[in-house]
Amino acid sequence: MHLVLYLATGLSGTNTLILLLAYLWDSSVTLFGGATGYDLRPDGVSFTLSLFTTVLLAWYALVLRRRLRSERKGGARPE
């Protein structure tokens, strides 16, 4: 479960980074003399959804990790 969560977070983050780099690349080509660029500019909805998914997965992974740590500390206490 944890491996799948971390893998999904990494893939979502990679997707967000690729969308951002495509946007910046297309903007720089247009800015520095390209007439139309390469049409790599992603729409705002794709980027926003990808960024939201990445943040949500990362938050969930962090919460899950903290919960597991607290359970380990609490369960290891002798009574």
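- The structure places OG1 of Thr14 at 10.5 Å from CG of Leu21, a figure rounded to the nearest 0.5 Å.
- Closest heavy-atom contact between Ser50 and Leu19: CB-CD1, 3.9 Å.
- The line from CG of Leu62 to CZ of Arg66 is 4.5 Å long, rounded to the nearest 0.5 Å.
- Under a hydrophobic clustering in which Ile, Leu, Val, Met, Phe, Trp and Tyr are joined whenever their side-chain heavy atoms come within less than 4.5 Å, directly or via other members, Leu64 and Leu57 fall into the same cluster.
- A distance of 9.5 Å separates CG of Leu17 from CG of Leu24, quoted to the nearest 0.5 Å.
- Note: Leu56 CG to Leu49 CG = 11.5 Å, rounded to the nearest 0.5 Å.
- Tracing side-chain contacts under 4.5 Å through hydrophobic residues (I, L, V, M, F, W, Y), one never reaches Leu11 starting from Leu5; they form parts of separate clusters.
- Pairs of residues two or more places apart, or lying in two chains, that qualify as side chain to side chain donor-acceptor pair (under 3.5 Å) and include a residue from residues 3-12 are Ser12-Thr54.
- By the criterion of side-chain heavy atoms lying less than 4.5 angstrom apart, applied directly or through intervening Ile, Leu, Val, Met, Phe, Trp or Tyr residues, Val45 is not grouped with Leu51; the two fall into different hydrophobic clusters.
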